[in-house]
Q: 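Next up is a structure, given as structure tokens.
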Amino acid sequence: MSYTELIKRRATNEESDECYTPDNQVFPLLKYLDKDSTYYEATSGKSSNILSGFKKHGYNIISSDGRDFFDCTRSDVYDGVITNPPYSKKDKFLEHCYELGKPFALLLPVTSFQGSKRGKMFMEKGMSALVYNNRIDFTGKGSPTFGNAWFIWGFMPPNQIQWVDN
């Protein structure tokens, strides 16, 4: 399988959605968050690693308990959304986050910067990012073939890019 075929496959099928965030990968976000606020983890029905990472550092974060994120309203997501969404639904997650109008941080492949629809959203509404200098090892078996970044709106100044260690 070529690299292009692998990326296409990972970006468009549910198998690629099974990348659970190691709890230590929330660390770069912490300096942008208010410890007195409460955040919503929109995909914590299957994995609670993000919850564990935030709670380990004394932050308030609420689990979705499997609730469908697209049924959430502005009041359901507390002070903002922090999640690693299914990659096959990244556009839908971004759209819904913008619609909710609350700050959000979504862990997405770096390639998510590109795409005419996403690019238009980012140009119109703004988008900042924390870009990892290394790839995240989601499985404990070595780094994957794609890089990641926290795509952030509302937690840091608009249209900023910061590089972070992981």
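Atoms considered below: every heavy atom in the structure, side chains included; atoms not considered: hydrogens, waters and symmetry mates. Residue numbers run from 1 in the order of the sequence given.
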Q: Please verify the inter-ring angle class for Phe104 with Trp153; under 30° counts as parallel, over 60° as perpendicular, anything in between as tilted.
A: parallel

Q: Looking only at heavy atoms, which two atoms of Pro109 and Asn148 are closest? And how far apart?
A: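 What the structure gives for the nearest pair is N-ND2, 3.7 Å.
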
Q: With side chain to side chain contact (heavy atoms under 4.5 Å, CB included) as the test, would you mind laying out the steps for Asn84 and Asn49 before giving the verdict?
A: CA-CA 10 Å; Asn84 175 354; Asn49 293 350; over 6 Å; no

Q: Do Ile161 and Trp163 have side chains that approach each other closer than 4.5 Å (heavy atoms only, starting at C-beta)?
A: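 Side chain of Ile161 against side chain of Trp163, heavy atoms only: contact under 4.5 Å found.
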
Q: Rounded to the nearest 0.5 Å, what separation is found between the CG atom of Leu51 and the NZ atom of Lys56?
A: 12.5 Å

Q: If the threshold is 4.0 Å, N to carboxylate O, is there a salt bridge linking Glu95 and Lys117?
A: yes

Q: Where the side chain of Ser37 meets the backbone of Asp79, is there a donor-acceptor pair that is under 3.5 Å apart?
A: no

Q: For residues Thr83 and Leu107, determine if any side-chain heavy atom of one lies less than 4.5 Å from a side-chain heavy atom of the other.
A: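 SC-SC contact between Thr83 and Leu107 ruled out.
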
Q: Donor-acceptor pairs under 3.5 angstrom involving side-chain atoms of residues 125-133: please list them, not counting sequence neighbours.
A:
from, atom 1, to, atom 2, distance (Å)
Ser128, OG, Pro157, O, 2.5
Ser128, OG, Asn159, N, 3.0
Ser128, OG, Gln160, N, 3.0
Tyr132, OH, Gln25, O, 2.6
Tyr132, OH, Gln25, OE1, 3.4
Tyr132, OH, Trp150, NE1, 2.9
Asn133, ND2, Asp165, OD1, 2.6

Q: So, for Phe69 and Cys97, which heavy atoms are closest and what is the spacing to 0.1 Å?
A: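 It is CZ-SG, 3.8 Å.
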
Q: When Tyr40 is tested against each of Ile61, Val77, Asp76 for side-chain contact (heavy atoms from CB on, under 4.5 Å), which residue passes?
A: Val77

Q: Taking the side chain as every heavy atom from C-beta outward, state whether Leu29 and Ile152 have any atom pair closer than 4.5 Å.
A: yes

Q: Can you tell if the side chain of Lys90 reaches within under 4.5 Å of the side chain of Ser112, non-hydrogen atoms only?
A: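 Counting from C-beta outward, Lys90 and Ser112 do come under 4.5 Å.
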
Q: I need the Tyr32 OH to Ile82 CD1 distance, nearest 0.5 Å.
A: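 Taking OH in Tyr32 and CD1 in Ile82, the distance rounds to 13.5 Å.
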
Q: If every non-hydrogen atom of Arg118 is compared with every non-hydrogen atom of Leu94, which pair is closest and at what distance?
A: CD-CD1, 3.7 Å

Q: Any chance CD of Gln114 has more than 12 other-residue heavy atoms, nucleotides or ligands included, within less than 6.0 Å?
A: no

Q: Should the pair Phe54 and Tyr59 be assigned to parallel (<30°), tilted (30 to 60°) or perpendicular (>60°) ring geometry?
A: perpendicular

Q: According to the interplanar angle, ranging from 0 to 90°, do the rings of Phe27 and His57 count as parallel (below 30°), tilted (30 to 60°) or perpendicular (above 60°)?
A: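 Tilted.
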
Q: As an exercise, state the distance from CG of Leu108 to CG of Asp91, rounded to the nearest 0.5 Å.
A: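 The CG atom of Leu108 sits 9.0 Å away from the CG atom of Asp91.
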
Q: Just by modelled atom types, is the Ser44 backbone N or O under 3.5 Å from a matching donor or acceptor in the Ser64 side chain?
A: yes

Q: Are the side chains of Phe151 and Phe93 in contact, using a 4.5 Å heavy-atom criterion?
A: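 The answer is no; the side chains never approach within 4.5 Å.
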
Q: Nearest heavy-atom pair of Asp36 and Asp34: which atoms, and what distance?
A: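 The pair with the smallest heavy-atom distance is N-OD1, 2.9 Å.
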
Q: Say you draw a straight line from CZ of Phe70 to NZ of Lys92; how long is it, rounded to the nearest 0.5 Å?
A: 5.0 Å

Q: Do we get Lys102 above Tyr78's six-membered ring, with its NZ or CZ under 6.0 Å from the centre and within 45° of the axis?
A: no

Q: Do Phe155 and Tyr39 have their ring centres less than 6.0 Å from each other?
A: yes

